[in-house]
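In what follows, every chain begins at residue 1, and chains take the letters A, B, ... in the order their sequences are listed. What you are looking at is a predicted structure, and each value in this text was computed from that prediction instead of being measured.
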Number of protein chains: 2
Amino acid sequence: MKKDSTLPPPTLERLARLYVLLGKLQNLGLQAISSKRLSELLGVPDHTIRKDLSFLKEGQGIEPFAEKEKAGVGKPGSGVGRGYPLESLRLLIGARLGLTHPRTACLVGLGNLGVAILNRRIWQEGVYRLVAAFDLSENRLELLSTKIPLYHARELERVVRNYRIEIGILTVPPEAAQETADRLVHAGIRGIINFAPVVLTVKSNRVVVRNVSLAGELNILSAYLYQQEEETHG
Amino acid sequence: MKKDSTLPPPTLERLARLYVLLGKLQNLGLQAISSKRLSELLGVPDHTIRKDLSFLKEGQGIEPFAEKEKAGVGKPGSGVGRGYPLESLRLLIGARLGLTHPRTACLVGLGNLGVAILNRRIWQEGVYRLVAAFDLSENRLELLSTKIPLYHARELERVVRNYRIEIGILTVPPEAAQETADRLVHAGIRGIINFAPVVLTVKSNRVVVRNVSLAGELNILSAYLYQQEEETHG
DNA sequence: CAATAATTGTGAAAAATTTCACAGTAAGGA
DNA sequence: TCCTTACTGTGAAATTTTTCACAATTATTG
């Protein structure tokens with residue numbers, strides 16, 4: 001049991017977002033950044049960021065170098081260039097989260113939301129490969145102009161199997177969501193990001209599901225606002 | 001300090017999602033449901049659900065009824081109708097999260113994603129009122145056919161102020177996201193749901209921000225998959 | 001070159017959250 | 001009526017996660 005290799009879920013999720021942020025900062029031409037600055041950008045306390053980062057060096061050295069163990073990622077001290085070097089930090093997080101080799105994904109449902117996702121720049125960046133997109137409407141498939149290969153939904157299982165697609169992004173109408181998810185799972189998908197406004201049930205506990213729900217977000221936001229209101233007055 | 005009124009954040013977020021689920025189950029004509037069944041549907045352990053629900057009755061009785069205090073929400077025992085009555089449970093959660101009076105929202109950016117959100121059924125359900133949608137393109141504004149009032153982006157501040165809009169949903173291109181957020185905050189918005197692929201910085205800590213990020217979700221999913229892979233082999 | 005300022009890294013303490021385990025409750029059947 | 005079954009509700013224990021506090025480190029300034 002390589003228990004060491006599993007990160008605390010909150011840490012994993014923060015690192016995953018930090019990874020995205022670091023990429024953007026790099027594109028801005030920045031070289032290094034402090035935990036304090038990251039803290040402001042991410043809305044997470046600086047000590048939490050440092051603690052999260054401390055998980056990166058577990059099991060890095062294969063041999064137990066008794067001394068010099070303390071090789072941290074960041075450079076202490078004041079002045080320019082102090083803090084965490086963007087590039088190497090990003091690389092390290094990527095390695096720890098398994099973001100180094102590209103994953104294959106497919107998109108199911110080419111309504112407005114699907115097309116929005118189809119056109120995202122992320123597919124040009126090389127970390128994720130959108131190798132297929134599906135829709136029921138032949139018309140829709142013909143009208144869309146894109147480099148991503150488009151298929152009719154009836155081809156779903158075949159294509160997912162053939163290309164060993166790992167991640168499915170669900171942007172179908174709510175009525176179709178559960179059935180589509182079942183088909184994806186049946187075809188061997190490993191993870192689903194669900195944008196349809198339904199609560200998916202997936203039997204297999206090998207499949208990771210992330211629900212992205214506008215209604216959920218609205219409710220969470222409202223609840224926080226309500227708590228603010230309570231605090232302020234009675 | 002009404003400390004009792006703030007829920008633990010994980011509980012708050014689970015209840016917010018549970019609220020959505022309960023609505024859907026009600027539409028299915030169901031009357032009651034057990035924590036076990038909810039557990040399967042939500043992917044959250046049943047005891048966690050029961051614990052979350054136990055926060056609902058804090059401070060319900062204004063007078064400290066020393067006896068009969070234990071008035072729970074759900075009905076124990078076997079047979080049909082046991083478990084939590086859908087309707088009253090949903091009402092109770094709604095009351096606790098402040099979901100009883102409708103909140104006003106606006107949508108900024110009418111690209112594919114914006115239009116997808118514009119057309120969601122949630123705006124017909126009465127809990128949230130989408131009172132305005134904005135875009136830069138006059139053309140776009142004319143072409144769209146919807147009951148939601150559409151405005152040119154230059155009207156943003158005026159409309160947000162006038163209607164005292166509480167929640168802003170950001171679906172603008174990444175380049176415009178930060179500036180738009182600043183304008184919303186300046187106009188007195190209280191919460192932002194950001195769908196643009198940027199990390200927003202909002203100074204005011206009175207404004208609640210929820211970032212919905214495809215890249216983030218993909219990274220989180222991949223990281224979980226990677227951990228699975230690690231577990232399986234060496 | 002010494003003092004200063006800004007920053008990391010981390011054990012240990014504190015706080016928050018989840019899990020456990022079981023007493024209590026009520027329907028339905030024997 | 002009494003037993004069985006299927007639930008809830010919850011203190012207390014266990015676990016996880018966050019926070020704290022400070023020693024260690026290094027560019028920069030006086």
Lys/Arg-Asp/Glu bridge criterion (N-O < 4.0 Å) met for [X], [Y]:
| X | Y | answer |
| --- | --- | --- |
| A/Glu13 | A/Arg210 | yes |
| B/Arg129 | B/Glu166 | no |
| A/Arg120 | A/Glu125 | no |
| B/Glu87 | B/Arg90 | no |
| A/Asp46 | A/Lys36 | no |

*Which parts of residues 30-45 of chain A get close to DNA chain D, meaning a heavy atom less than 4.0 angstrom away?*
A/Pro45
Interatomic distance where [atom1] belongs to [X] and [atom2] belongs to [N] [whole Å]:
| X | N | atom1 | atom2 | answer |
| --- | --- | --- | --- | --- |
| A/Ile49 | C/dT10 | CD1 | C1' | 16 Å |
| B/Leu92 | D/dG9 | CG | P | 10 Å |
| A/Glu13 | D/dT18 | CD | P | 11 Å |
| A/Leu53 | C/dT10 | CG | P | 11 Å |
| B/Asp52 | D/dT10 | CG | P | 13 Å |
| B/Leu86 | D/dT8 | CG | P | 13 Å |
| A/Lys51 | C/dA13 | NZ | C1' | 11 Å |
| A/His47 | C/dA14 | NE2 | C1' | 12 Å |

_B/Lys57 side-chain N/O to D/dT10 phosphate OP1/OP2 under 4.0 Å_ = yes
*Of A/Arg82 and A/Pro9, the one whose closest DNA chain D nucleotide lies more 5'*: A/Pro9
*Could you pick out which residue, A/Tyr84 or B/Pro76, lies toward the 5' side of DNA chain C when each is mapped onto its nearest nucleotide?*
A/Tyr84
_Does B/Lys24, at its NZ atom, have more than 12 non-hydrogen atoms belonging to other residues, nucleotides or ligands within less than 6.0 Å?_
yes
Expected rows: protein N/O vs nucleotides 1-3 of chain C N/O, under 3.5 Å:
none

_Applying salt bridge (Lys or Arg N to Asp or Glu O under 4.0 Å), can you list everything that pairs with B/Asp182, at least two apart in sequence or on another chain?_
none
*Between C/dT18, C/dT8, D/dT17, which one does the side chain of A/Arg50 approach most closely?*
C/dT8
*When you measure from the side chain of B/Ser54, which nucleotide among C/dT19, C/dT10, D/dT10 comes out closest?*
D/dT10
*With a distance cut-off below 6.0 Å to the six-membered ring centre and an angular limit of 45° from the axis, does B/Arg96 pair with B/Phe55 as a cation-pi contact?*
no
*Decide yes or no, distance alone: a donor-acceptor N/O pair under 3.5 angstrom between the base of C/dG9 and the side-chain of A/Lys75.*
no
*Calculate, to the nearest 0.5 Å, the distance between atoms CG and CG belonging to A/Asn219 and A/Leu214 respectively.*
9.5 Å
